[in-house]
2 protein chains.
Amino acid sequence: MSRALNDAPHVSEAVRRKVKEAAAALDYHPNLAAQSLIARRSYLIGLTYERPSPSYVVELQNGALGRLENERYRLVVLPFNHVASRPEELGKLLLRAGLDGVLLAPPACDQPVLLDMIERQRLPYARITPHSDLDRGLVVAMDEVAAGHTVAAHMLSLGHRRVGIILGDPSHAASRGRLEGYRQAFDEAGVAIDDSLVGTGDFTYDVGYRVALELLDRPVRPTAILAQNDDMAVAAIAAARDLGLSVPQDLSVAGFDNSEVSRTAWPPLTTVHQPVREMAWDAANRLIAMLDGDADSDAPRRRDHLHELLVRASTAAPSSAE
Amino acid sequence: MSRALNDAPHVSEAVRRKVKEAAAALDYHPNLAAQSLIARRSYLIGLTYERPSPSYVVELQNGALGRLENERYRLVVLPFNHVASRPEELGKLLLRAGLDGVLLAPPACDQPVLLDMIERQRLPYARITPHSDLDRGLVVAMDEVAAGHTVAAHMLSLGHRRVGIILGDPSHAASRGRLEGYRQAFDEAGVAIDDSLVGTGDFTYDVGYRVALELLDRPVRPTAILAQNDDMAVAAIAAARDLGLSVPQDLSVAGFDNSEVSRTAWPPLTTVHQPVREMAWDAANRLIAMLDGDADSDAPRRRDHLHELLVRASTAAPSSAE
DNA sequence: GACAAAACGGTAAACGTTTACATAAATAGG
DNA sequence: CCTATTTATGTAAACGTTTACCGTTTTGTC
């Protein structure tokens with residue numbers, strides 16, 4: 001009888017014990033499908049991602065699993081690349097997987113088509129570090145402003161004053177947030193941002209390289225470059241090298257994302273690490289809260305986590321000759 | 001009507017189309033719990049592992065996912081470390097997760113207690129690279145003999161004749177298999193294994209170091225060492241360095257496993273890579289075959305995959321002075 | 001055009017739980 | 001001791017599918 005197993009009221013202690021003993025003796029396990037059917041819940045949470053970097057995927061997964069541990073929920077992994085690459089395909093897969101909710105990491109979390117499909121079916125979801133539509137659904141992100149502030153403050157504290165900036169794609173919220181953080185740090189240090197030293201990239205290596213060349217070609221060269229992601233930062237290092245400048249002696253460079261390339265680059269890149277595990281934990285946490293109905297309606301739909309600055313060999317104090 | 005959606009016979013084309021259109025219009029998705037209930041299947045396959053190495057986990061997962069793609073089955077990840085570390089706990093979790101089958105990677109696949117529990121509940125399972133009880137359940141492994149052969153043949157082909165061997169824990173099947181492979185390669189090359197140059201370790205760094213010191217202390221020093229895993233191989237490198245020998249000039253060293261340390265060691269270690277992805281694919285494949293009932297009863301319960309030799313900087317021809 | 005056979009469509013039982021409800025038993029109050 | 005109240009237990013409906021069964025319609029053959 002289900003009442004005994006589930007510690008429901010209106011059942012005597014004696015019967016409860018007997019039932020439980022019998023269940024243990026037969027090693028009986030309740031049928032989850034039947035429970036799901038009646039509860040109208042599968043107790044399955046999906047996780048989609050596409051990042052090729054193993055460490056990212058594992059961090060993401062472990063974060064979510066950490067929250068799901070000791071819960072009834074189980075984690076189903078649904079990587080994007082294992083499916084046709086069209087968001088509609090992923091959407092169908094998600095909707096057919098019978099999930100109670102889904103965690104969306106980039107790039108799935110930024111597919112409006114996918115979000116439309118999911119919302120249409122009323123499938124609860126949480127987005128991890130989305131780059132656009134930041135007010136849609138439950139969002140867990142990094143505080144880009146704070147991160148930008150930290151990395152800029154690091155450069156300024158080393159003594160750099162002529163600092164070049166390579167922006168990412170202006171349509172990305174991260175790009176604007178990081179720039180805002182730079183601004184705050186410059187303001188606090190009483191240093192003005194030299195607009196002629198601000199170039200606009202698009203997060204790709206190639207464009208980053210071109211912008212870096214332009215910045216380094218100025219009559220008064222910057223002593224440091226803040227790039228809004230690692231790809232553009234390594235492009236800046238390459239550009240510097242091609243101009244006969246060495247990093248960090250002649251030029252300090254900092255990136256963003258703690259990507260694989262930031263570690264393998266030479267010199268290794270000072271960069272900002274996203275607290276992936278923590279964010280995934282939080283995303284799972286808020287999704288569960290939503291599913292279990294004890295969602296604070298006054299809880300913010302978006303939550304920002306703190307970054308971590310990784311100081312590596314690509315930044316140093318400007319040489320006194322400068 | 002379910003017959004129309006499921007392309008069952010005895011339903012007219014017209015009705016079928018109409019039903020399908022209506023279903024699409026309402027974007028109806030069949031309730032998986034109800035389907036599971038009647039089919040007595042959850043279409044969930046579990047994956048347990050404990051390896052801290054992200055690349056291993058991702059390879060494992062991607063291999064399994066690669067096979068599950070386009071199947072009804074979904075993959076549920078159940079890492080060991082996220083649970084209490086006792087195998088009984090993991091067993092309970094597995095049995096309660098309502099899985100149709102489970103893929104067991106080390107160390108879970110080597111827990112007799114766990115296997116007992118799983119078998120008792122008739123939960124189908126496949127073991128990936130088990131180290132003991134190799135004839136229990138469905139087993140997907142690396143052909144250790146072939147791998148041992150390859151790495152030994154590599155050493156011999158470089159010209160080494162006095163080759164030291166550091167065995168792993170003799171109770172591990174891998175240890176015996178790899179040694180057998182060494183033997184075959186030596187036989188083929190017409191070189192005798194010098195028993196005085198064979199030491200027994202236990203796969204740990206410390207013991208590996210001690211054994212390596214002993215081997216290198218012989219009056220006639222070996223020019224190469226075959227270690228049965230990477231930890232012991234890097235221990236051998238350390239031992240050589242402590243004796244003033246440089247690798248690979250004075251001593252060539254090869255390991256096994258392509259572990260993290262084999263890449264970060266200096267010099268990077270020549271080692272044998274397990275085809276993890278491929279094995280996970282195969283494990284999922286055979287598990288599915290079993291679940292779907294089209295299991296060849298004459299198919300072997302164990303399958304060996306081919307390794308991959310990674311030649312890196314720790315092996316070279318013996319210096320002519322030797 | 002009649003008959004057999006095949007194709008089709010409707011109905012209901014079954015899957016294994018939970019839960020609401022009804023009934024029965026125990027307890028308490030008058 | 002009887003009634004009112006609480007507490008315990010049994011029963012049946014419900015969850016959303018699939019499938020077996022049965023009756024009806026269509027098709028094909030002579």
Side-chain angles (χ1 to χ4, degrees), chain A residues 1-46 71-74 76 92-101 120-124 291-294, chain B residues 1-46 71-74 76 92-101 120-124 291-294:
Chain A
M1 212 71 211
S2 77
R3 275 180 295 229
L5 279 319
N6 297 356
D7 294 321
H10 295 299
V11 60
S12 67
E13 205 42 56
V15 173
R16 178 166 322 202
R17 219 188 40 243
K18 262 180 86 174
V19 171
K20 287 199 174 181
E21 276 170 13
L26 298 167
D27 30 35
Y28 162 84
H29 294 273
N31 181 311
L32 285 207
Q35 289 185 322
S36 292
L37 185 57
I38 191 105
R40 279 101 170 275
R41 299 237 187 143
S42 62
Y43 291 102
L44 292 176
I45 288 186
E71 295 281 346
R72 298 190 62 175
Y73 295 97
R74 291 155 293 166
V76 177
K92 273 191 199 158
L93 196 87
L94 287 178
L95 297 176
R96 281 190 188 147
L99 305 170
D100 283 351
R120 190 132 163 266
Q121 291 286 324
R122 306 250 146 71
L123 179 64
L291 295 175
D292 290 351
D294 45 55
Chain B
M1 211 70 209
S2 78
R3 276 179 296 227
L5 279 317
N6 296 357
D7 294 320
H10 297 300
V11 61
S12 68
E13 205 41 57
V15 172
R16 178 167 322 207
R17 220 187 40 243
K18 263 180 85 175
V19 171
K20 287 200 174 180
E21 276 168 11
L26 298 167
D27 31 35
Y28 162 84
H29 293 275
N31 181 312
L32 285 207
Q35 289 185 324
S36 291
L37 185 57
I38 191 106
R40 278 99 170 279
R41 298 233 187 149
S42 62
Y43 292 102
L44 291 176
I45 288 187
E71 296 279 347
R72 300 190 60 177
Y73 294 97
R74 292 155 292 166
V76 177
K92 273 191 200 157
L93 196 86
L94 287 179
L95 296 176
R96 282 191 189 146
L99 305 170
D100 283 351
R120 189 132 163 265
Q121 291 287 322
R122 306 248 146 71
L123 178 64
L291 295 176
D292 291 351
D294 45 55

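All figures in this text were calculated on a predicted structure; none of them were measured in a lab. Order of the sequence lines sets the chain letters (A, B, ...), proteins ahead of strands, with each chain counted from 1. Only this structure's heavy atoms are used, side chains among them; waters, hydrogens and symmetry mates stay out.
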Side chain to side chain, Tyr73(A) and Asp100(A), heavy atoms closer than 4.5 Å: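 Yes - at least one pair of side-chain heavy atoms lies under 4.5 Å apart.
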Spacing between Arg41(B) atom CZ and dT17(D) atom C1', to the nearest angstrom: 16 Å
Value in whole Å for how far the C1' atom of dT17(C) lies from CG of Asn31(B): 14 Å
Sidechain-backbone polar pair: Ser42(A) side chain, Gly98(A) backbone, donor-acceptor under 3.5 Å: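 Pair found, side chain donor or acceptor close to backbone of Gly98(A).
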Listed partners of Arg120(A) passing salt bridge (Lys or Arg N to Asp or Glu O under 4.0 Å), at least two apart: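 Here the qualifying residues are Asp27(B).
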Minimum heavy-atom distance between Leu291(A) and Arg41(A), given as atom pair plus value: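 It is O-NH2, 2.8 Å.
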Test item: Arg72(A) and Gln35(A) side chains (from C-beta on) under 4.5 Å apart, heavy atoms: yes
d(CD1, Ile38(A); P, dT17(C)) in whole Å: 11 Å
Phosphate contact (dT18(D) OP1 or OP2) by Gln35(B) side-chain N/O below 4.0 Å: yes
Contact under 4.0 Å: Arg40(A) side-chain N or O vs dA14(D) OP1/OP2: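 False: Arg40(A) side-chain N/O out of range (4.0 Å or more) of dA14(D) OP1/OP2.
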Length of the OH-C1' vector between Tyr43(A) and dT18(C), whole Å: 11 Å
Atom pair distance, as rounded to whole Å: CG in Leu37(B) and P in dG16(D): 12 Å
4.5 Å side-chain heavy-atom contact, Arg74(B) and Leu32(B): yes
Between C1' of dG16(C) and OH of Tyr28(A), the distance in whole Å: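 Answer to the nearest Å: 7 Å.
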Axis-to-axis angle between the two ends of the helix from dG1(C)-dC30(D) to dG30(C)-dC1(D) (five base pairs per end, rounded to 10 degrees): 40°
